[in-house]
Number of protein chains: 2
Amino acid sequence: MKAETDCAACPLRKFALFEALDENDEEATRRFKDGERRVDPGTILMHEGMVSEDFYTVLSGMGLRYKTTPDGKRQVINFVLPGDFIGLQSGLMSEMKHSVETTTRMHLCRFKRSSLLPFMRNNPGRAFDVTWLSAVEENLVAEALVSIGQQPAATRLAWALHRLYTRISAVGADLGPGRIPLPYTQQDMADALGLSLVHTNRILRLLQTDGMISWRDKVLTVHDERALANRAGMTADMQETIPRRPLI
Amino acid sequence: MKAETDCAACPLRKFALFEALDENDEEATRRFKDGERRVDPGTILMHEGMVSEDFYTVLSGMGLRYKTTPDGKRQVINFVLPGDFIGLQSGLMSEMKHSVETTTRMHLCRFKRSSLLPFMRNNPGRAFDVTWLSAVEENLVAEALVSIGQQPAATRLAWALHRLYTRISAVGADLGPGRIPLPYTQQDMADALGLSLVHTNRILRLLQTDGMISWRDKVLTVHDERALANRAGMTADMQETIPRRPLI
DNA sequence: CGCCTTGTTGAGCGGATTCAACACTAGTGG
DNA sequence: CCACTAGTGTTGAATCCGCTCAACAAGGCG
């Protein structure tokens, strides 16, 4: 029933964000692919401490990557967007060190854990790309660390929204000028920023009354990107386009 | 004058922390190696925004990996210890996204940026290991994010000290029961934990008067590891030994 | 219709910050 | 040789940002 997507016609490949792929690598990736999977919102794709037999590339949909503490708190590590490679840890280390949960319906490209090593062994270029992705991801987490560690609440929130705006825009899910889907709750944002829900709400309200943004019904509208970037403590040279990265 | 270290006699290899290496991989790594380098404390090995022609594995010595914000603040991303692979970003992405600075004299194993791709291409097993290291590093940063985002100051500090204690112990630099070198300043710790210097000092003092630790003259003594782990909000199952990881 | 999730707002508290001053050490140059 | 400076560690006082507690509105769903 559900048609499998051919890699050659991969809906993500068309975005300028992703590096081009030569025929050999594309063919190898096609063989690496084990199938597809479609899941509902709220599905836990990976669970902290568990071993996952599969890992995925997100074709469409969004989610969250998070860790939990013994006392029940949750820290969102990053937002999961189309093109993201998730579950790499279970292929490398013994178990997942974080959980991954969807917040929308999600369409995934599935790979087998056991075939990662052969895949990387037989396709050095792709192995290089996997490492690259891993390094990109590490940098994203490090940037979040800087934001949370050094900035006050308003700056953090503006920064997070601005980054989501550019990241989501880059994978084409724009709904018109300055409008992007943002299928998260204020609690999700709070857990990502290390803030309480109440305070997140207040700051959010503040940014809205300032006219920079509005966020209703899971749609974020950025009315003044420059102002938002300023509020986020970004200098002009930081507002470049996101560098290209590989897609597995 | 300065004798080069043979990979076969690599001073790090003996630690249980690191995975064993077969002869082929060891030989390949030896050819990958471009030389060694010794630097003084306070040397900036990599600079945020710059392209580094080399990258390194730390043979001995310690340092810091950090990012700076436009308003002059600094966030320490991680502490650099022996066995760490530093500068991978410059080999993968266009430029370094963080700086690396030494806090002691450091002895480094040097690799050329241009030979990373061939190295990974010709040695799939080692390519896999590089990715593994990158994933381990990402997880360390993510754990710091959880700590900073969700825990109060005392818990953060206890957690950071406990982790440094186990990490540093694992690379053999112990100075007796519960004693390890900790060549950082309180300002370094503050920047790592997202706390002010003053508050870091107070909490530190608190942990010392509680008798858990003492930290003087760049030497940390952990008097009661269990108590420290408790203070860090760790449950019993989290206090396992650090999993093995590869060494490049 | 009642329940649950999500968003919103007020009030008061407290943890962490900033500002400030001072002790100690090592290094430097007159 | 010693005054001088810079870096590091220590402590007090006052302020404030963000938290907790609390209550309520609105929508979705069984």
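Computed from heavy atoms alone, side chains included, the values below leave out hydrogens, waters and symmetry copies. Throughout, a chain's letter reflects where its sequence line sits, starting with A, and its residues are numbered from 1.
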*Asks:* Counting only non-hydrogen atoms, which of residues 208-219 of chain A are less than 4.0 Å from DNA chain D?
*Replies:* none
*Asks:* Ignoring hydrogens and geometry, is there a side-chain-to-backbone donor-acceptor pair from A:Lys67 to A:Ile77 under 3.5 Å?
*Replies:* no
*Asks:* Between B:Arg167 and B:Asp84, does any NZ, NE, NH1 or NH2 come within less than 4.0 Å of an OD or OE carboxylate oxygen?
*Replies:* yes
*Asks:* Begin from the C-alpha positions of A:Leu108 and A:Thr57 and carry the test side chain to side chain contact (heavy atoms under 4.5 Å, CB included) through to its verdict.
*Replies:* CA-CA 6 Å; A:Leu108 300 148; A:Thr57 287; over 6 Å; no
*Asks:* Mind grabbing the angle between the end helix axes of the helix from C:dC1-D:dG30 to C:dG30-D:dC1? Five pairs an end, 10° rounding.
*Replies:* 30°
*Asks:* Could you encode protein contacts along nucleotides 23-29 of chain C as a string, one character per nucleotide from 5' to 3', using B for base contact, S for sugar-phosphate-only contact and - for no contact, with a heavy-atom cut-off of under 4.0 Å?
*Replies:* -------
*Asks:* For the residue pair B:Phe85 and B:Phe55, categorise the inter-ring angle as parallel (less than 30°), tilted (30 to 60°) or perpendicular (more than 60°).
*Replies:*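 B:Phe85 vs B:Phe55 ring planes: perpendicular.
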*Asks:* For A:Glu138, is there an ion pair with B:Arg65 - N to carboxylate O distance below 4.0 angstrom?
*Replies:* yes
*Asks:* So if I take residues 190-203 of chain B and measure heavy-atom distances to DNA chain C, which residues fall below 4.0 Å?
*Replies:* B:Gly194, B:Leu195, B:Ser196, B:Val198, B:His199, B:Arg202
*Asks:* Give a yes or no on whether the backbone of A:Lys97 and the side-chain of A:Gln89 come within a donor-acceptor separation of less than 3.5 Å.
*Replies:* yes
*Asks:* Under 3.5 Å, which donor-acceptor pairs do the side chains of residues 210-220 of chain B form with other protein atoms, sequence neighbours left out?
*Replies:*
residue, atom, partner, partner atom, Å
B:Trp215, NE1, B:Leu182, O, 3.4
B:Lys218, NZ, B:Tyr184, O, 3.3

*Asks:* Give every donor-acceptor pair under 3.5 Å between a side-chain atom in residues 194-206 of chain A and any protein atom, sequence neighbours left out.
*Replies:*
residue, atom, partner, partner atom, Å
A:Ser196, OG, A:His199, N, 3.2
A:Thr200, OG1, A:Ser196, O, 2.8
A:Asn201, ND2, A:Gln186, OE1, 2.9

*Asks:* Is the backbone of A:Glu48 close enough, under 3.5 Å, to the side chain of A:Ser99 for a donor and an acceptor to pair up by distance?
*Replies:* yes
*Asks:* Test your reading of the model: is there a side-chain donor-acceptor pair from B:Thr104 to the backbone of B:Gly61, 3.5 Å cut-off?
*Replies:* no
*Asks:* Between B:Gln187 and D:dG9, does any side-chain N or O lie under 4.0 Å from OP1 or OP2?
*Replies:*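 No.
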